[in-house]
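Side chains are part of it too, since the values below use all heavy atoms of this structure and drop only hydrogens, waters and symmetry mates. In listed order, ligands and their atoms are each counted from 1. Since the model is a prediction, treat every value here as computed from it, not as a measurement.
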Amino acid sequence: MSESLTIRGGRVIDPVSGLDAVADVLIADGRIAAVSPDAGKEAREAVDATGLVVCPGFVDTHTHLREPGFEHKETIASGTLAAARGGFTTVCAMPNTEPAADTAAIIEFVLRTAQAEGAIRVLPIGCVTKGRQGRELAELAELAAAGAVAFSDDGSPVTDAHLMRRALEYASMLRPPAGGLGLPVIDHCEEPALSADGVMHEGWVAVRLGLQGVPAAAEESMVARDIALAGLTGAQVHIAHVSTVGSVELIRRAKSAGLPVTAEVTPHHLCLSHEAVLLGPAETPGGLAFDTNAKVSPPLRTSEDAAACLAGLLDGAIDCIATDHAPHAVEDKLCEFDQAAMGISGLETALGLCLSLVHDGRVELPALIEKLTIGPVRALGLDRHIESIGTLSVGAPGDVTLIDPEAEWTVEPERFASKGRNTPLAGRTLRGRVVATVYEGQVVFDDR
Ligand code: DOR
């Protein structure tokens with residue numbers, strides 16, 4: 001007997017078809033079977049979505065699942081559960097594991113473990129260079145054949161421009177399983193000679209705290225280099241976690257020149273600034289202090305940078321929102337700022353944080369949903385691996401997220417599904433939450 005699930009009476013938003021209306025979503029045998037005002041009329045069992053927003057499951061191009069090697073920070077099981085709680089039904093897993101995902105065996109391990117223990121879909125990203133050392137190319141074709149959807153040395157840039165050129169040339173010749181040509185190379189743009197020992201944005205907060213800064217130019221110089229290499233090779237470069245006014249402008253110009261450049265921005269770079277590093281007397285009786293949970297790479301920058309990232313997201317310079325979910329253990333953050341690990345555990349707060357932009361009237365809800373669903377799919381060409389993901393088209397995977405955009409909740413990291421409780425949002429009240437997540441027709445998170 002075929003299995004079916006009906007989600008009835010919600011405000012269905014599907015950016016691909018432009019649908020924004022009250023309707024039922026019928027899922028049969030793990031796939032979208034119908035979306036219409038009365039698709040669920042006959043259904044015996046239905047999820048009541050009255051008053052909720054129903055949209056395609058979110059897709060994250062940038063998640064750190066930490067397994068293999070750093071299971072004390074996160075596992076594929078805990079990370080995908082955190083993703084489901086955050087409304088994500090697909091995450092692309094970054095390769096900065098131990099060992100790094102530079103062989104087919106590691107890509108296969110991630111896929112196998114996700115299949116056995118994961119709550120949602122995991123699409124692995126392979127390394128650009130062996131061991132992420134930046135010296136010798138990894139076997140890109142082997143990684144692609146094993147299931148890698150993109151390449152990145154994430155956490156580290158590919159500093160050698162010649163090696164980056166070769167990586168782009170090879171990646172552009174590889175064929176994704178469902179058609180097309182070329183896999184993207186994702187670059188963490190940071191010129192190490194400029195970022196040097198910097199631990200936060202180079203600006204007034206760093207001066208006040210006596211911390212070494214990372215100038216915006218550290219990112220922008222490598223974004224400019226990568227754009228030049230995209231022009232030289234005709235191969236796609238995807239710029240990870242854009243954080244500065246200048247990067248947005250460079251990418252905007254590259255796109256208008258027709259270059260194959262795509263980009264993502266994180267919720268924290270859209271909504272927070274370097275001031276989040278500073279804890280005032282209210283939080284720290286006795287004086288000024290810092291919050292290592294706001295230490296992230298690239299660093300949180302100024303509110304002007306955040307505004308430029310948002311403008312870029314809205315005018316298409318930036319293709320999508322990506323969490324850069326970077327879970328760390330307590331001891332990685334409970335230390336001096338210089339010593340603390342970089343990263344924010346972001347899957348479970350992504351929607352609530354981004355919805356602040358909607359509540360402030362700066363973004364329309366359908367536009368936000370687009371940047372969390374079909375935006376990331378198109379940026380990395382993920383529909384050349386899983387057909388129709390990021391949509392509610394008939395025949396698409398039955399991946400659906402139910403949202404209450406108005407519900408207020410307080411961020412309590414100790415209640416995260418992620419092992420990483422490292423968030424600068426602890427104690428903050430967010431408006432809007434994920435109510436339920438359906439993956440391939442199965443309810444994998446239900447908080448109704
Ligand atoms: O803050 C970050 N943390 N940025 C990165 O690029 C890597 C990540 C991590 O793996 O912890």
Side-chain angles (χ1 to χ4, degrees), residues 60-76 78-79 82 91-102 110 124-129 131-132 134 150-159 185-192 195 197-201 211 213-214 218-219 222-223 226 238-244 247 263-270 272 274 276-277 290-301 322-333 335 337-347 349-350 418-425:
D60 191 10
T61 54
H62 197 139
T63 305
H64 298 273
L65 293 176
R66 307 291 192 214
E67 190 176 356
F70 302 106
E71 290 84 352
H72 63 295
K73 293 179 192 257
E74 194 77 288
T75 61
I76 290 170
S78 64
V91 297
C92 298
M94 277 296 173
N96 55 344
T97 50
E98 183 57 47
D102 62 357
V110 170
I125 295 170
C127 294
V128 178
T129 67
R132 297 174 48 248
F151 305 103
S152 180
D153 274 358
D154 188 79
S156 316
V158 181
T159 43
V185 176
I186 304 171
D187 205 13
H188 170 116
C189 289
E190 175 184 337
E191 171 50 55
S195 56
D197 298 325
V199 292
M200 68 171 297
H201 173 64
L211 295 171
V214 178
E219 176 173 308
M222 199 167 282
V223 170
D226 282 354
H238 180 79
I239 310 292
H241 39 50
V242 171
S243 75
T244 78
S247 297
E264 62 185 37
V265 61
T266 70
H268 44 273
H269 288 107
L270 284 171
L272 303 177
H274 60 157
V277 173
F290 47 73
D291 183 5
T292 56
N293 288 313
K295 182 178 177 185
V296 63
S297 175
L300 299 173
R301 297 199 185 268
T323 69
D324 192 8
H325 175 73
H328 288 291
V330 175
E331 60 271 24
D332 299 326
K333 289 288 193 179
C335 55
F337 203 86
D338 288 350
Q339 303 301 315
M342 306 207 196
I344 291 175
S345 181
L347 284 168
T349 53
S418 171
K419 290 189 183 186
R421 275 83 209 262
N422 47 303
T423 172
L425 301 173

Task: Protein contact to atom 9 (C) of ligand 1 [nearest heavy atom, distance to 0.1 Å] - done: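 Ranking protein heavy atoms by distance from atom 9 (C) of ligand 1, first comes R66 NH2, 3.4 Å.
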Task: Closest approach of any protein heavy atom to atom 1 (O) of ligand 1, naming residue and atom - done: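 It is S297 N, 2.9 Å.
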Task: Test item: side-chain donor near acceptor, R301 and T244, under 3.5 Å - done: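 R301 vs T244: no donor-acceptor pair found between side chains.
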[X] neighbourhood, listing ligand 1 atoms whose heavy-atom distance to it stays under 4.0 Å:
X: D154; value: 6 (O), 7 (C)
X: H328; value: 11 (O)
X: A326; value: 3 (N), 8 (C), 9 (C), 11 (O)
X: D324; value: 4 (N)
X: G343; value: 1 (O), 2 (C), 3 (N)

- [ ] Using distance alone, decide if ligand 1 has a nitrogen or oxygen within less than 3.5 Å of any nitrogen or oxygen in V296.
- [x]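 Such a contact does not occur with ligand 1.
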- [ ] Would you check the N or O atoms of M342, main chain and side chain alike, for any that come under 3.5 Å of an N or O of ligand 1?
- [x]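 Min N/O separation from ligand 1 is below 3.5 Å for M342.
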Open item on the list: As an exercise, state the distance from CD of E71 to NZ of K419, rounded to the nearest 0.5 Å.
Closed with: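 It comes to 7.5 Å.
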Task: Rounded distance (nearest 0.5 Å) linking atom CD of E74 with atom OG1 of T97 - done: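 Output value for this atom pair is 13.5 Å.
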Task: Sub-4.0 Å heavy-atom approach of H241 to ligand 1 - done: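 A heavy atom of H241 does come that close to ligand 1.
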Task: Min heavy-atom dist M94 to ligand 1 below 4.0 Å - done: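 Contact absent.
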- [ ] Check each of H268, H62, H269 against D324 using the side-chain hydrogen bond (donor to acceptor under 3.5 Å, both in side chains) test, and report the only one that passes.
- [x]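 Option passing the side-chain hydrogen bond (donor to acceptor under 3.5 Å, both in side chains) with D324: H62.
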Open item on the list: Keeping K333 on the side-chain end and T292 on the backbone end, is there a donor-acceptor pair under 3.5 Å?
Closed with: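 Between the backbone of T292 and the side chain of K333 there is a qualifying donor-acceptor contact (under 3.5 Å).
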Open item on the list: Tell me whether D187 contacts the main-chain N or O of C189 through its side chain, where contact means a donor paired with an acceptor under 3.5 Å.
Closed with: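 No, D187 side chain to C189 backbone: no donor-acceptor pair under 3.5 Å.
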Task: Worked verdict on D154 versus R132 for side chain to side chain contact (heavy atoms under 4.5 Å, CB included) - done: CA-CA 8 Å; D154 188 79; R132 297 174 48 248; 5.5 Å; no
Open item on the list: I'd like to know whether M200 forms a side chain to side chain contact (heavy atoms under 4.5 Å, CB included) with F337, so could you lay out the CA-CA distance, the side-chain angles of the two residues, the decisive distance to 0.1 Å, and finally the verdict.
Closed with: CA-CA 9 Å; M200 68 171 297; F337 203 86; 4.2 Å; yes
